[in-house]
Amino acid sequence: MKKTLNDIDVNGKRVLLRVDFNVPLSADLKIVDDNRIIEALPTIEYLVSHNAKVIICSHLGRPEGVVNPKMSLRPVVSRLGKLLQKDIVFVEDIKDESCTKVLSSLKDGDIAMLENIRFYKEEENNDKDFAKLLASFADVYVFDAFATAHRKHASTYAVAEMLPNAVGFLVEKELEMFEKVLSEPEHPFVAVLGGAKITDKLPVIENLLDKVDTILIGGGMSYTFVKAIGGDVGKSIIDNKSIDLAKETLDKAKEKGIKVILPCDNYGADEFTATAKRKCFSSGFFAKDFQGMDIGPHTTKTFKNIIKDAKTIVWNGPMGVYEFPKFRRGTKKIAKYIAKSKAVSVIGGGDTVASVQELGLENKITHISTGGGASLMLLQGKKLPCVEIIENK
Ligand code: AMP
């Protein structure tokens, strides 16, 4: 078990808090969705009420080591200030002399926020000297940026080794939820997997084979499986290098008595566009100039019946090309079925979460993970490096 906020003394201490404030901004730099800020509030409020001097550090977008005003954290500073009803000191350049002065003038309960940490190329290089500079600002390090927990960067990894540390409430909640479903799931346990990158999902299936009862497969990855069992998938996306492994995985599942259910029908398109002609095909019987874009109506019915009886559900990856409204149907139906079920449900991944949000079903899901890549790594049975580096209790 990792140290959490309850295991460390923050009273009067300077606390470097790494969060993920990578919020979407509009062209005129307004925050489109402040969920990531809201998710970090419990940790920030705890630190403030326990008299810490809070120094918040985050990235925003991919500035790739270059200062880019379009990716400044300035809009986040003002939104956070409004949410907390508190003035927040903004530190524009941590390499400027004034930074140390500003930070050392913080009083107990004050908050400062550093400018986008990815404006410095040292950040993504996990640079030790840069991490030393960050460590020099604080007495304690708190890691609460779950969405970046799979990436070893200076502010998420190297700095953690240099200070007494703990995870924040958000990371604690994420770890607890994944632990709950992966270690002590109530059965039937159903995994729903979709999306395009089969190379990400095959290790998930491998890890889940000893835990789940049924795996429902949709999305682009399903066509490699269908091809592996001899189906005709027309122009659908295929990962030729994964065909053998997909077949082996299906055989392994069969040996273990795990049901892996592939789509029995799919909506296909004559081109990869939002306005393409849509036609339904039985699985493995695509017309040669069509490609699979979504699961079909019989598949959604089959998946519905399995989801209905589940006691535990994990879901990662859309059932079709979610970016095109015409091919969102399957993903939205699955979101609805999972929301309606009484199962403990844990979901992660950009389009997966977006579908639940689009339908306003957030409150009907037990846990919506804030990290796509990080949650995938946990589903693959791997450890998150930025969590592993945190001290054990
Ligand atoms: P992933 O990152 O692996 O979860 O994949 C998400 C992406 O998969 C989304 O951008 C979807 O558009 C894409 N996707 C899902 N189904 C299909 C499909 N049938 N054909 C092409 N792309 C798909």
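Order of listing sets the numbers, starting from 1, for every ligand and every atom in it.
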Derivation and outcome, ring pair (Phe, Tyr, Trp, His ring centres under 6.0 Å), residues Y157 and H153: CA-CA 5 Å; Y157 190 83; H153 292 168; over 10 Å; no
Side-chain donor-acceptor pair present, H59, E124, cut-off under 3.5 Å: no
Under 6.0 Å from the six-membered ring centre of Y267 and within 45° of its axis: does the NZ or CZ of R278 meet both? yes
Would you check, one step at a time, whether the test ring pair (Phe, Tyr, Trp, His ring centres under 6.0 Å) holds for F290 with F281? CA-CA 9 Å; F290 272 74; F281 296 94; 5.2 Å; yes
Starting from the N and O atoms of ligand 1, collect every protein N/O partner closer than 3.5 Å and put each pair on its own line with the distance to 0.1 Å.
residue	atom	partner	partner atom	Å
ligand 1	2 (O)	K197	NZ	3.0
ligand 1	3 (O)	A196	N	3.1
ligand 1	3 (O)	K197	N	2.9
ligand 1	3 (O)	K201	NZ	3.2
ligand 1	4 (O)	K201	NZ	3.1
ligand 1	5 (O)	A196	N	2.9
ligand 1	8 (O)	A196	N	3.2
ligand 1	10 (O)	E323	OE1	3.4
ligand 1	10 (O)	E323	OE2	2.5
ligand 1	12 (O)	E323	OE1	2.5
ligand 1	12 (O)	E323	OE2	3.4
ligand 1	16 (N)	G220	N	3.0
ligand 1	16 (N)	G320	O	3.4
ligand 1	19 (N)	G292	O	2.9

Other residues, nucleotides and ligands only: do more than 12 of their heavy atoms fall within 6.0 Å of NZ on K279?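 No, not enclosed.
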Using modelled atom types only, decide if a donor and an acceptor are shared between the side chain of S236 and the backbone of G292 within a distance under 3.5 Å.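 Here the side-chain-to-backbone pair exists.
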